[in-house]
Amino acid sequence: MLQVITQTMAAWIIPMFLFVALVYAVIKKVDVFDTFVEGAKDGFATSVKLIPFLVAMLVAIGLLRASGALDLFIDLLTPLLARFNIPGEVVPLAIMRPLSGSGALGITAEIFNSHGPDSFVGRIASTMQGSTDTTLFVLTVYFGSVGIRRTRHALAVGLLADFTGFIAAIIVCTMVFG
């Protein structure tokens, strides 16, 4: 019964929000269509400004993977990780996650295909996906779109948060599933 209620609410919440926004605009005497068109123009302009940042980031990720530098780095870390019982399969995910959400999702899908989503490695990968963010993507795209050049400590703090999420995912999964 609860599942039916939540599914029904999920299906209607966005149309209801739009309806309430339209009613509120009519009450406030706002020209809804002109406002929508202006917003769409701004959204398109923002999207065009984001393209160079996205292309640069995707090229960098492609170079890392295609050159084998990512695999070499993982091979260098594997003996150290084995000492702490960290599965080497999650290292590419830990490296890719701050760079690209879709790239990290692809690595997670590879882990699921080879080990299964209910495996220990699959659970760590799932926890990492939920507890880390695409820090470099966020800094590149969002800071770039609004013209922020000096990010100050945002990169260090974001990468530290990602590393913390990586370590926490391993510790929590080891305690719960290990």
Decide whether [X] and [Y] are clustered together by the hydrophobic rule: side chain heavy atoms of Ile, Leu, Val, Met, Phe, Trp, Tyr closer than 4.5 Å, transitively.
X    : Y    : answer
I95  : L160 : no
F73  : L80  : yes
F163 : L159 : yes
Y142 : V157 : no
F19  : I27  : yes

Run the numbers on L81 and V90 for side-chain contact (heavy atoms from CB on, under 4.5 Å), then give the verdict. CA-CA 10 Å; L81 297 172; V90 297; over 6 Å; no
Heavy-atom side-chain contact between [X] and [Y] under 4.5 Å:
X    : Y    : answer
I86  : F166 : yes
F137 : L99  : no
L136 : L155 : yes
T174 : N85  : no
E89  : I124 : no

What is the distance from atom [atom1] of [X] to atom [atom2] of [Y], rounded to the nearest 0.5 Å?
X    : Y    : atom1 : atom2 : value
M9   : M16  : CE    : CE    : 11.0 Å
I107 : M128 : CD1   : CE    : 9.0 Å
L93  : L105 : CG    : CG    : 9.5 Å

Between [X] and [Y] (side chain of the first, backbone of the second, donor and acceptor by atom type, cut-off under 3.5 Å), is there such a pair?
X    : Y    : answer
S100 : M96  : no
R97  : T132 : yes
S119 : G122 : yes

Applying side-chain contact (heavy atoms from CB on, under 4.5 Å), run through F112 and S126 and close with a yes or a no. CA-CA 9 Å; F112 287 173; S126 298; 3.2 Å; yes
Results of salt bridge (charged side-chain N to carboxylate O under 4.0 Å, His left out) for E38 - residues two or more places apart only: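 By the salt bridge (charged side-chain N to carboxylate O under 4.0 Å, His left out) rule, E38 matches K41.
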Taking all atoms of both residues into account, what is the closest heavy-atom pair of [X] and [Y], and its distance?
X    : Y    : answer
G88  : I74  : O-CG2, 4.4 Å
G101 : T134 : N-CG2, 3.2 Å
T127 : S131 : O-OG, 2.7 Å
F143 : A154 : CE2-CB, 3.9 Å
A104 : Q129 : O-NE2, 3.1 Å

Side chains of T135 and D162: donor-acceptor distance under 3.5 Å anywhere?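 Yes, D162 and T135 have a side-chain donor paired with an acceptor closer than 3.5 Å.
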Crowding at [atom1], [X] (>12 non-hydrogen neighbours, <6.0 Å):
X    : atom1 : answer
F177 : CZ    : yes
L76  : CG    : yes
I14  : CD1   : no

